[in-house]
Amino acid sequence: MTDPVKAAPIKIAYLYEDLMNTYGDSGDVKILRYLLEKQDYQVTVTNISLTDDFDAETYDFLFFGGGQDFEQTVVAKDLLRHKATLAHYIETGKPMLAICGGYQLLGDYYKTAEGTVIKGLGILPLHTVFKADSRMIGDTEFDTAFGKVRAFENHSGRTYFDDPDKLKPLGKVIQGYGNNPEDGVEGLHYKNTIGSYAHGPILKNQNMATAISKLIVKNHQERITKQLTKTSI
Ligand code: GLN
């Protein structure tokens, strides 16, 4: 008998794939697809773009890549439509990876070089301020709960946590800047949502890729099992 969990495709939503994909970030999704297909799962990746309908609960994993200020401004306006579904997804511990511009937009706001304040989703208590005189660019290395991660960062936005009791960083900086030049920490780890400035892509680090692919499989199993119980009642 075929296993219904294996027979149902793993569904990945790539938020604004066409606009948010700087410095190799789409490679994160390709790596996950590779790891999951190796375990005999079928994988579908859906680009959720401007004006598209979106229900986070129908996916096993959400990916949100980096983007420059112009794209971020366009995306930020559209994104607010999805606040409720994204907040519920994150709060219920489903897996998500958000890089750079995507990570910034999970927070309250992003203040650009021109001083314009881009409203973020406001799901996580953090904010980002653009500092023109010191772009944080170069190789980066940090220690995480998954082991050491090596990547590349390129951002002018400095991210600060507004509720450090609620939010924990993804890692401790060994080389580079991470969230900002002062705190010595990189990214965010809240429930099963990971935010990071690491491009390159970050999931070329096998430890991180394996950990995230396990979370995806677990969420997929739960989603399909729930669906099956519903239909058999
Ligand atoms: N525009 C943002 C910054 O410079 C994000 C850059 C990115 O996502 N690569 O901070």
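Quick caveat, the model's predicted, so the values are computed rather than measured. Order of appearance sets the numbers: ligands from 1, and atoms from 1 within every ligand.
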Exercise for the section: Could you check which of G102, G65, G157, G67 puts a non-hydrogen atom nearest to atom 5 (C) of ligand 1? Expected result: G67
Exercise for the section: Say whether Q104, considering both its backbone and side-chain N or O atoms, lies within less than 3.5 Å of an N or O atom on ligand 1. Expected result: yes
Exercise for the section: Measure the distances from the heavy atoms of R135 to every atom of ligand 1 and state whether one is below 4.0 angstrom. Expected result: yes
Practice task
Verify whether one side chain among S26 and E17 offers a donor that lies under 3.5 Å from an acceptor in the other.
Solution key: no
Practice task
For ligand 1, indicate whether the residue D69 contacts it via side chain, backbone, both or neither (heavy-atom separation under 4.0 Å).
Solution key: both
Exercise for the section: Taking the six-membered ring of F142 (Phe, Tyr or Trp), confirm whether the NZ or CZ of K148 is under 6.0 Å from its centre and within 45° of its axis. Expected result: no
Problem - Options F130, Y197, Y110, ranked by nearest heavy atom to atom 3 (C) of ligand 1, top entry - result: Y110
Practice task
Quick one: pull up NZ in K214 and CG in L35 and give me the separation to the nearest 0.5 Å.
Solution key: 10.5 Å
Practice task
Quick one: do Y160 and H127 satisfy ring pair (Phe, Tyr, Trp, His ring centres under 6.0 Å)? Show the steps, please.
Solution key: CA-CA 6 Å; Y160 299 92; H127 71 273; 5.7 Å; yes
Completion exercise
Candidates Q72, E153, K131; heavy atom nearest atom 2 (C) of ligand 1 found on Q72
Completion exercise
Between F146 and A211, the two heavy atoms sitting closest are CD2-CB, 3.5 Å
Problem - Side chain, backbone, both or neither: the part of H199 lying under 4.0 Å from ligand 1 by heavy atom - result: side chain
Problem - Per-residue contact class, I99 against ligand 1 - non-hydrogen pairs under 4.0 Å - result: neither
Practice task
Using a strict cut-off of less than 4.0 Å between a Lys/Arg side-chain nitrogen and an Asp/Glu carboxylate oxygen, indicate whether E186 and K172 qualify as a salt bridge.
Solution key: no
Exercise for the section: Only heavy atoms count here, so choose which of C100, S156, G66 is nearest to atom 7 (C) of ligand 1. Expected result: C100
Exercise for the section: Kindly confirm or rule out a cation-pi arrangement of K11 over Y59, judged by NZ or CZ under 6.0 Å from the six-membered ring centre and within 45° of its axis? Expected result: yes
